[in-house]
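Order of appearance sets the numbers: ligands from 1, and atoms from 1 within every ligand. These values consider heavy atoms only, across backbone and side chains, with no hydrogens, waters or symmetry-generated copies.
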Amino acid sequence: MSWEESTRQKMLNLKLPTDPRWVGIAEMQLEDILEDHAYCEQKAASSCISLILRYHDLDHLVDTLTPIVAEEWGHFERVMDQIRKRGLRFGKPRKDEYVVSLFEFMKSGGSRMHQLTENLLMNALIEARSCERFKLLAQNIADVELQKFYYELMISEAGHYVTFIELAKYYVGPEKVNARWQEWLNFEAEVLRKMSLRGDRMH
Ligand SMILES: [Fe+2]
Ligand SMILES: [Fe+2]
């Protein structure tokens, strides 16, 4: 069994495992990784806030996402603690190539519920990939404190991944979600395949 096959079973349905070289390069660029990670957490919180504002009339969505905003902001705070205690830089946000590419796949138009599904599935995908990368960091980097930190975040993001998928199923039904989810997974694998391997980004 190739490393791709053996890893695939353990990674939340993602179609392409992260290149095993990534974690080694990332570890050498921890300052960039932590900085990028802080912005990932900020974007996760912001994205949930946007959904709450846009779909304020969907009680179940609002009540489900409200605590996730707090959790993501808690993650941001924890990453910032790591940055501060290590005396690292917290610079301005950089273009997130990965997220920009995923946005391009989002189908515009259609019903409001269709738009919601697209949004939830894109969020689920980012959670799944983050979870996979956190797991790699937790298992491979030398810093024991960061191993534990990334392990805890991995568990949390895995929960969010499930929540986003469940929310989409709640509003539009499992058939539609399952079919479109496969398309998202395939597209995401293509995005990663085309992106150059770099250790200064979480994705
Ligand atoms: Fe998070
Ligand atoms: Fe998350």
Side-chain angles (χ1 to χ4, degrees), residues 10-14 18 22-23 26 30-55 58 60-86 88 90 93-94 96-103 106 116-139 141 143 145-171 177 181 184-185 188 191-192 200-203:
K10 306 168 201 152
M11 49 170 231
L12 307 153
N13 303 318
L14 294 168
T18 289
W22 172 78
V23 71
L30 264 186
E31 178 167 13
D32 293 307
I33 283 292
L34 285 168
E35 185 180 66
D36 190 57
H37 182 183
Y39 283 112
C40 290
E41 299 296 354
Q42 170 269 311
K43 279 178 278 194
S46 299
S47 168
C48 288
I49 292 174
S50 299
L51 283 169
I52 289 169
L53 298 179
R54 194 164 160 195
Y55 297 95
L58 303 182
H60 180 54
L61 176 135
V62 171
D63 295 347
T64 304
L65 294 186
T66 297
I68 296 187
V69 172
E71 239 182 276
E72 300 292 20
W73 202 249
H75 293 172
F76 175 83
E77 201 175 0
R78 291 185 65 185
V79 183
M80 286 308 296
D81 283 348
Q82 291 295 333
I83 288 175
R84 295 296 186 224
K85 75 192 272 188
R86 289 158 197 268
L88 302 175
F90 180 56
R94 290 166 298 188
D96 190 331
E97 247 186 282
Y98 174 75
V99 171
V100 168
S101 299
L102 293 186
F103 260 115
M106 199 182 271
L116 173 63
T117 310
E118 290 291 275
N119 258 293
L120 291 172
L121 294 187
M122 189 176 109
N123 276 285
L125 203 43
I126 298 171
E127 295 286 358
R129 182 59 71 186
S130 303
C131 186
E132 189 232 9
R133 298 244 158 146
F134 292 169
K135 186 178 180 185
L136 285 172
L137 290 166
Q139 290 178 335
I141 59 177
D143 187 305
E145 187 182 346
L146 285 180
Q147 283 174 11
K148 188 169 170 287
F149 176 62
Y150 279 114
Y151 180 79
E152 288 169 10
L153 290 195
M154 175 196 85
I155 303 287
S156 174
E157 313 304 2
H160 298 162
Y161 153 76
V162 172
T163 300
F164 282 120
I165 297 278
E166 292 301 317
L167 265 181
K169 287 181 178 172
Y170 178 87
Y171 285 108
V177 170
W181 179 236
W184 271 104
L185 286 172
E188 198 258 1
V191 167
L192 268 201
D200 60 342
R201 295 283 197 277
M202 193 53 89
H203 301 107

>> Between Glu152 and Arg78, does the salt bridge (charged side-chain N to carboxylate O under 4.0 Å, His left out) criterion hold? Intermediate values first, please.
In response: CA-CA 11 Å; Glu152 288 169 10; Arg78 291 185 65 185; 2.7 Å; yes
> Do Asp200 side-chain atoms and Asp32 backbone N/O form a donor-acceptor pair below 3.5 Å?
Replying inline: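 No, because the side chain of Asp200 does not come within donor-acceptor range (under 3.5 Å) of the backbone of Asp32.
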>> Using only atom types and a distance under 3.5 Å, with no angle test, would you say the side chain of Glu132 pairs donor to acceptor with the backbone of Thr18?
In response: yes
>> I'd like to know if the side chain of Tyr150 pairs up with that of Gln139 as donor and acceptor (distance under 3.5 Å, no hydrogens or angles considered).
In response: no
>> Between the Fe ion (ligand 1) and Glu41, which N, O or S atom of the residue is the nearest one?
In response: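 Nearest N/O/S atom of Glu41: OE1.
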>> Checking one value in my table: which N/O/S atom of Glu72 lies closest to the Fe ion (ligand 2)?
In response: OE2
> Restricting to N, O or S atoms of His160, which is nearest to the Fe ion (ligand 2)?
Replying inline: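 Nearest to the Fe ion (ligand 2) within His160's N, O and S set: ND1.
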> At the Fe ion (ligand 1), what is the angle formed between atom OE2 of Glu157 and atom ND1 of His75, rounded to the nearest 10°?
Replying inline: 90°
